[in-house]
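These numbers were taken from a predicted model, which means no experiment stands behind them. This chain uses plain numbering: 1 for the first residue, then up along the sequence.
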Amino acid sequence: MRRPLPLARALGAVSISMLISTALIGAVPAPASATPPNIPSAATAASRLAQLTVAAESHGDSYDRDLFPHWSTVSGACNTREEVLKRDGTNVVTDSSCAATSGTWFSPYDGATWSSASDVDIDHMVPLSEAWASGAWSWTTARRESYANDLGGPELWAVTDNVNQSKGDKDPAQWQPPRASFRCAYARAWIQVKWFYGLTVDSAEKSALTSMLGTC
């Protein structure tokens, strides 16, 4: 018959076991976040919304997507789209050309999860044509390129392709994410982009954003 371990030795064994378990858990890489950086709090977003100039959109007839060079090279063979797929996916594996060959992506707009990069679009939170009509028509091409490839703020999102296509170039007065619980974050991100780039909002857009912040 085995004698029971003295209490001190038993507690020591438990502690060692816990340390080993913790170390093993820590060794598992954390899943990538599906949330771009620098989304303000609801209070900060409301303050920034109040600072935006309210004006009717203009110059819409002169918009051309090519005026916003996008999916520019970030490093090596990787362009902006591929960087967002790596940033916002989980267990993403890429080939020598930086194309994602496997991984999973959670689309916050509709709550769907995808295992093929071909099912995922990279959405410009504030669409390029919306930005154009809100003031980007006066920018240099270099500034429009920076805007269209901005990885430092909440402008680029990995989302379900047909949901992105449904959104198109609509502002929040015309389209909101089908996943209602995400509308607070959507409004905060939209406001941040417009505020950071000094873009205007129209009155219907501002009203919709105010209502969306009310869900936070």
Side-chain angles (χ1 to χ4, degrees), residues 25 28-46 48-49 70-71 74 78-94 98-131 147-196 201 204-216:
I25 292 171
V28 177
S33 170
T35 303
N38 294 319
I39 301 174
S41 67
T44 298
R48 291 177 178 173
L49 177 60
H70 52 286
W71 309 158
V74 176
C78 300
N79 64 28
T80 312
R81 171 183 162 80
E82 292 154 348
E83 287 293 328
V84 176
L85 288 172
K86 289 193 295 181
R87 181 192 72 186
D88 293 354
T90 301
N91 299 325
V92 177
V93 176
T94 59
C98 204
T101 57
S102 64
T104 57
W105 293 268
F106 174 76
S107 169
Y109 289 9
D110 58 339
T113 297
W114 302 99
S115 57
S116 174
S118 63
D119 291 320
V120 178
D121 277 358
I122 306 304
D123 177 47
H124 288 93
M125 169 59 62
V126 176
L128 302 182
S129 61
E130 167 71 22
Y147 176 88
N149 297 277
D150 185 2
L151 293 167
E155 168 66 346
L156 299 174
W157 295 73
V159 300
T160 302
D161 53 3
N162 61 357
V163 174
N164 182 46
Q165 291 152 22
S166 172
K167 171 185 173 180
D169 60 1
K170 301 179 182 74
D171 71 24
Q174 304 159 321
W175 187 92
Q176 295 180 17
R179 184 168 166 245
S181 62
F182 183 68
R183 290 175 186 169
C184 165
Y186 188 91
R188 288 154 48 209
W190 181 285
I191 291 165
Q192 174 63 20
V193 173
K194 287 235 163 169
W195 175 83
F196 185 82
V201 290
E205 175 188 356
K206 183 174 182 178
S207 177
L209 290 166
T210 300
S211 295
M212 293 170 80
L213 287 178
T215 68
C216 294

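Between Q174 and K170, the shortest heavy-atom distance links the atoms OE1-CA, 3.3 Å. Shortest non-hydrogen contact noted between A45 and I191 is O-CG2, 3.4 Å. Nearest heavy-atom pair, A131 versus V126, reported as atom, atom and distance to 0.1 Å: N-CG1, 4.1 Å. Minimum interatomic distance between C98 and T94 (heavy atoms only, all atoms of both residues): O-CG2, 3.7 Å. Closest approach of Q165 to D121, counting heavy atoms only: NE2-OD2, 3.5 Å. Across all their heavy atoms, A185 and I39 have their closest contact at O-CG2, 4.3 Å.
Contact check for P177 versus K167: no side-chain heavy atoms found under the 4.5 Å cut-off. Within the 4.5 Å cutoff, side-chain heavy atoms of K86 are placed close to those of C78. Within the 4.5 Å cutoff, the side chain of N149 has heavy atoms near those of the H70 side chain. At least one side-chain heavy atom of V163 sits less than 4.5 Å from a side-chain heavy atom of P178. The shortest side-chain heavy-atom distance between N91 and T104 does not fall under the 4.5 Å cut-off. Counting heavy atoms from C-beta outward, N38 and F196 have side chains that stay 4.5 Å or more apart. Considering only heavy atoms from C-beta on, P40 comes within 4.5 Å of Q192 through its side chain. Between D150 and V193, every side-chain heavy-atom pair lies at or beyond the 4.5 Å cut-off.
Note that CH2 of W190 is 5.5 Å distant from CG of D171, once rounded to the nearest 0.5 Å. Here the CD1 atom belonging to I122 is positioned 9.5 Å from the CH2 atom belonging to W105, to the nearest 0.5 angstrom. Atoms CE and CZ, on M125 and R188 in that order, are 10.5 Å from each other to the nearest 0.5 Å. Atom OH of Y109 and atom CH2 of W175 lie 6.0 Å apart (nearest 0.5 Å). Note that CG of L209 and CE of M212 are 6.5 Å apart. Values are rounded to the nearest 0.5 Å. From W71, atom CH2 reaches atom CG of L156 across 5.5 Å, with rounding to the nearest 0.5 Å.
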In sequence, state the C-alpha distance, the side-chain angles, and the governing distance for W114 and D161, and then conclude on side-chain contact (heavy atoms from CB on, under 4.5 Å).
CA-CA 10 Å; W114 302 99; D161 53 3; 5.6 Å; no

Give the intermediate values and the outcome of side-chain contact (heavy atoms from CB on, under 4.5 Å) for residues L49 and K206.
CA-CA 8 Å; L49 177 60; K206 183 174 182 178; 4.0 Å; yes

Take E82 and N79 through the side-chain contact (heavy atoms from CB on, under 4.5 Å) test and state the conclusion after the steps.
CA-CA 5 Å; E82 292 154 348; N79 64 28; 3.4 Å; yes

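Although no hydrogens or angles enter the test, the distance criterion places a donor-acceptor pair under 3.5 Å between the side chain of Q176 and the main chain of P172. Listed for the R179 side chain is a donor-acceptor partner under 3.5 Å among the backbone atoms of P108. Listed for the S211 side chain is a donor-acceptor partner under 3.5 Å among the backbone atoms of S207. Judged purely by atom type and a 3.5 angstrom limit, T101 uses its side chain to pair as donor or acceptor with the backbone of V93.
Each of N164, V159, L85, T160 was compared with V120 under the side-chain contact (heavy atoms from CB on, under 4.5 Å) criterion, and only L85 meets it.
By the 30° and 60° cut-offs, the orientation of the rings of H124 relative to Y147 is parallel.
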